[in-house]
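One structure is given below, encoded as structure tokens.
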Amino acid sequence: SNSSNSSFFFNQMSLRSVLLLVRNVGRTTAMFEHALGLKATESMENFAELKASNDCSLLIQSVPEGMEAPLSTGYSPFLNFDVDNFDSCLTTLIQHGSRMDGAVKFSQNGRIAVLKTIDGHMIGIQEKE
């Protein structure tokens with residue numbers, strides 16, 4: 001039947017990449033490398049690709065001067081990361097211009113912090129158990 005064929009295709013899906021539009025590719029790439037340990041596989045003045053997992057890349061692309069509409073992110077998307085060293089990661093994100101969005105929360109799985117990057121993207125970090 002068609003339903004079994006369509007579910008087969010959905011099961012094969014995986015997220016390939018997430019694209020963030022930013023003002024400064026180098027600055028944003030450095031933040032993800034230093035604070036979250038992502039590795040750049042490609043880096044140019046206007047574009048970078050960082051390995052987020054085996055299957056997914058984080059793409060960073062600059063927006064030309066004067067093009068503010070694409071940078072109007074609001075509160076979406078949220079990029080959530082599990083981190084080994086919560087305190088160091090939080091400090092490094094702040095050193096790279098991110099701002100806390102509320103207080104650090106304490107859950108049964110560890111501490112959680114939400115930050116807004118200098119480019120307006122939302123990042124959540126959660127302490128690994």
Let me see the working for Arg27 and Val22 under side chain to side chain contact (heavy atoms under 4.5 Å, CB included), right down to the final yes or no. CA-CA 9 Å; Arg27 178 186 67 204; Val22 302; 5.8 Å; no
Starting from the C-alpha separation in whole Å, work towards a yes-or-no answer on side chain to side chain contact (heavy atoms under 4.5 Å, CB included) for Asn80 and Gln126. CA-CA 8 Å; Asn80 295 307; Gln126 180 163 342; over 6 Å; no
To the nearest 0.5 Å, atom CG of Leu79 lies from atom CD1 of Ile125 at 12.5 Å
**Study point:** Shared hydrophobic cluster, Leu115 / Val18 (ILVMFWY, side-chain heavy atoms < 4.5 Å)
**Key:** yes
Looking only at heavy atoms, the pair that brings Ala40 and Glu33 closest together is CB-OE2, 3.3 Å
Would you say that Asn24 contacts Ile118 through its side chain, given a criterion of any heavy-atom pair below 4.5 Å between the two side chains? no
Worksheet item: Please walk me through it: do Leu20 and Asp119 pass side chain to side chain contact (heavy atoms under 4.5 Å, CB included)?
Response: CA-CA 9 Å; Leu20 298 181; Asp119 289 296; over 6 Å; no
Interatomic distance, NE2@His96 vs OG1@Thr117, rounded to 0.5 Å, equals 12.0 Å
* Cationic N near anionic O, under 4.0 Å, Asp84 to Lys128 -> yes
NZ of Lys51 to CD of Glu42, rounded to nearest 0.5 Å, is 12.5 Å
When every non-hydrogen atom of Val83 is compared with those of Leu36, the smallest separation belongs to CG1-CD2, 3.8 Å
dist Lys105:NZ -> Arg111:CZ (nearest 0.5 Å) comes out at 14.0 Å
dist Asp101:CG -> Met122:CE (nearest 0.5 Å) comes out at 4.0 Å
> Met31 and Ile123: side chain to side chain contact (heavy atoms under 4.5 Å, CB included), yes or no, with the steps?
Replying inline: CA-CA 12 Å; Met31 180 195 71; Ile123 293 181; 3.8 Å; yes
Between Ser57 and Ser17 (side chain of the first, backbone of the second, donor and acceptor by atom type, cut-off under 3.5 Å), is there such a pair? no
Report task. Could you state whether Phe81 and Ile112 fall into the same hydrophobic cluster, counting links through intermediate Ile, Leu, Val, Met, Phe, Trp or Tyr residues with side-chain heavy atoms under 4.5 angstrom apart? Result -> no
(request) Kindly indicate whether the side chain of Met100, heavy atoms from C-beta on, has any atom under 4.5 Å from the side chain of Ile94. (result) yes
Looking only at heavy atoms, the pair that brings Thr28 and Ile60 closest together is CG2-CD1, 3.8 Å
For Ala52 and Leu58, the nearest pair of non-hydrogen atoms, with its separation, is CB-N, 4.3 Å
Between the CG atom in Leu93 and the OG atom in Ser88, the distance rounded to the nearest 0.5 Å is 9.5 Å
